[in-house]
Amino acid sequence: MENHIPSPLNDRQIEAVTTIQGPMLIIAGAGSGKTRVITHRISHMLRKGIPQSAILALTFTNKAAREMGERVRDLTGKKLADLSVSTFHAFGVRVLRRTIHLLGYRENFSIYDSGDQLSLIKETARELRLSPDSLDLPGTAALFSGIKTGRRDWDGTTEMFRPLYQEYLSHMKAYNAVDFDDLIMLPIRIFGEHPETLAEYRQRYSHILVDEFQDTSANQYRLMKLLADGSRNVCVVGDDDQSIYSWRGANYENILRFEQDYPERREIKLEQNYRSTGTILAAANGVISHNRNRKTKALWTGSAEGRPIEMFHPEDERREGEFIAATIKTLMLREKVRYQDFGVLVRTNSLCRALEEAFLAEGLPYRVSGGESFFQRKEIKDILSYLRVMANPDDDVAFLRVVNTPRRGVGRRTLEQIGEAARRRSCSLYSAAALLTLAEDSPLGAGIRADLASFLALLEEQGKAARRPRNIAPTVRRLVEAVDYRGWLHGEFQKNDKIAKWKLRNIELLAQSIEDWEKDPENFEPGLYSYLNRVSLISRDDIDDEDGKGRVNLMTIHSAKGLEFEIVFLPGVEDGIIPHARALEESEGDMEEERRLFYVAITRARRKLYISACRKRRVMRDVAEMSPSPFLDEIPRDLMVFHQEEEPVSREEATDYFAALKNRLGAGARP
DNA sequence: TAGGCCAAGATTTTC
DNA sequence: TCTTGGCCTA
């Protein structure tokens, strides 16, 4: 059997791949070939005769799930339609699609993302007459999430928000809506309250695998354990040093918990790094060794030292961008590095802008993952909200979003009246609106009643259409016409016609993507509900992977986890950015998480690492003096070379330089 | 009562 | 820089 396994796997890796019964903990250091181990392990299981439908692999991002699925397919040469590789949240949705009725929800439930959540909290606060300035919305949302998932409890300072929370919950239930936390919590509840359902799932999934285990939350762990305790064939793969999602409830102590819960486990440490040069690894080790809460491990590499890490201190973020763009161009010419082999990794999305400007100016093709996702764009959310109301008329948040977009004369007063009616009858805004258009004693004027009535009729009619098989995309196109979204956009952006055109194009792209999805022969469930479920979980990194070739990658460190690049640039390595000032405010322990983040950033690089820290930086409206990140002191000095700030190379000079270089190379002459 | 205009405030990371 | 909320006008 073993000779089916490609030779480059080392002994530990082979052990990790071939031990498929019983619990297993794999501690996989950065660059230790983790993904290969996981994909080989799955294909090994398949070869051993474990049916694909019995395997459940859980990951963190859609991207990771998709890549894992693809790799296994490549490895086995099979389609594997029954193999479950998905994110925890997507798995939660699948469970809920089948079982949510057990909790009294209907199957057309809406999934609220954080934006929807914020609008609901805001709306609820308004109803409760809470003064809006006493309310820190994101903070409240974080509190609610903490309460719901059991990470926090009410205390002296938060107690006052309790009624708001209760109200929030009852609204969610009334709207037939769930939030991201619910996608984990509700399956746990269902499994707890309905042992026969749990038994079914245990029966089905005899082999469970969890990737990025250090990022599982306490509840994801519970969910995993519920499923795994049937067979106890559960394999978790993680690295405590790369735990960077504690703000989302991730808890690397799950590794310790796993060791307690599964005392019979096999434990394997993968410590050989196949990715980076000795220099880069030494820098990473230097940094991470300052963390006190970690499992000791010694990452080593057989690779050569490689070249030193280059440090820059540009004057401001503009210079920084120019420097990075120019360096990329130089390296491409001198070392024949391809665009896609560069990764530019930032702590916060806001740092992207200056870099993008520089790349645009230099004509460097780049790809940003992160920032505003396609599905977060206003025009897209508008259209999707229309679909959501059609699917689930009880979804008040979606209703509010579309009821006056494009404007149809429904203003504040009208909405108040609809809201009042809804409260009195405890029904949705949609039903209340329907009622008020008909009622004899309606407080609404005749004009507005007619407008509302035709709006509701439109939703009704298009909703029916959208439910017909493979008819979502045509419905979207018809809808755009019917509400004259085009005319509205042109009106809204009179001064800038380009924006209007661009937004319309986005909508057409959306319609196109829906059409592709509906027509995909491998899509076994092409309905409206399943479409909406699906798009709610699509986040930033999920589109345009095809044309990612030939572009420089610009992304946050968080979204770079699991990826690697020949050459990595880390801009903005300044105190207050990494470690991030806001993160440190929350608690002291977050310093270690920030350090892990920096560690993850460094270990993405295969061959060469550039780090820069600006002296000044624009922050919102004004310019702030910056100082270098304290983490830089943790990198051994002898691994770095410092660059004085040079005059930025102008475009003409650069062109001259390249021309000269080409001449020289062409002539075969030496400098 | 709806919608336009202006000023102030704001954002760490993702499913 | 962009978004949101409040105020004013029609």
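First the proteins, then the strands, lettered A, B, ... as listed; each starts at 1.
Rounded to an integer number of Å, the gap from CD of A:Q214 to P of B:dT14 is 16 Å. The separation between A:R596 atom CZ and B:dT13 atom P is 18 Å, rounded to whole Å. Between A:I557 atom CD1 and B:dT14 atom C1' the separation is 14 Å, expressed in whole Å. Atom-to-atom, CG of A:L351 to C1' of C:dT1 comes out at 15 Å; the value is rounded to the nearest Å. If you measure from atom CZ of A:R347 to atom P of B:dT13, you get 8 Å, rounded to the nearest angstrom. Rounding to whole angstrom units, NE2 of residue A:H89 and C1' of B:dT14 are separated by 9 Å. Atom P of nucleotide B:dT11 and atom CG of A:L137 are separated by 9 Å, given to the nearest angstrom. If you take CD1 of A:I577 and C1' of B:dT11, they are 13 Å apart, rounded to a whole angstrom.
A:Y105 pairs in a side chain to side chain contact (heavy atoms under 4.5 Å, CB included) with only one of the listed residues (A:I100, A:L96, A:T99), which is A:I100.
The backbone N or O of A:D451 lies less than 3.5 Å from no partner atom in the side chain of A:R408, so there is not a single donor-acceptor pair. Within the 3.5 Å criterion, the main-chain N or O of A:I507 finds no donor-acceptor partner in the side chain of A:E379.
Under 3.5 Å, the side chain of A:R618 and the base of C:dT1 form no donor-acceptor pair of N or O atoms.
Residue-level contact check: A:T348 touches the backbone only, with heavy atoms under 4.0 Å from sugar-phosphate atoms and none from bases. In this structure, A:F88 reaches neither bases nor backbone, as no heavy-atom distance under 4.0 Å exists between it and the strands shown.
Residue-to-nucleotide proximity on DNA chain B shows that, of A:S114 and A:P138, the 5′-proximal contact is made by A:P138.
Among the nucleotides C:dT1, B:dT14, B:dT13, the one closest to the side chain of A:T61 is B:dT14. Residue A:K122 has its side chain nearest to C:dT4 when only B:dT11, C:dT4, B:dT13 are considered. Side-chain proximity of A:R353 to B:dT14, C:dT4, C:dC2: nearest is C:dC2.
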Output one line per pair: protein atom, nucleotide atom from nucleotides 1-3 of chain B, and distance, for all N/O pairs under 3.5 Å.
from: B:dT1; atom 1: OP1; to: A:R413; atom 2: NE; distance (Å): 3.1
from: B:dT1; atom 1: OP2; to: A:R413; atom 2: NE; distance (Å): 2.9
from: B:dA2; atom 1: OP1; to: A:G411; atom 2: N; distance (Å): 3.0
from: B:dA2; atom 1: OP1; to: A:T414; atom 2: OG1; distance (Å): 2.4
from: B:dA2; atom 1: OP2; to: A:R412; atom 2: N; distance (Å): 3.0
from: B:dA2; atom 1: OP2; to: A:R413; atom 2: N; distance (Å): 3.1
from: B:dA2; atom 1: O5'; to: A:G411; atom 2: N; distance (Å): 3.4
from: B:dG3; atom 1: OP2; to: A:N404; atom 2: ND2; distance (Å): 3.3

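Using bins of under 30°, 30° to 60° and over 60° for the plane-to-plane angle, the ring pair A:Y175/A:H171 lands in the perpendicular bin.
A:D116 has a carboxylate O that lies under 4.0 Å from a charged side-chain N of A:R388, or vice versa, which qualifies the two as a salt bridge. A salt bridge between A:K63 and A:E67 is absent, with no side-chain N of the basic residue lying under 4.0 Å from a carboxylate O of the acidic one.
For B:dT14, neither phosphate oxygen OP1 nor OP2 lies less than 4.0 angstrom from any side-chain nitrogen or oxygen of A:N62.
Legend: residues meeting salt bridge (Lys or Arg N to Asp or Glu O under 4.0 Å) with A:E317, ordered by chain and number and at least two apart, are absent.
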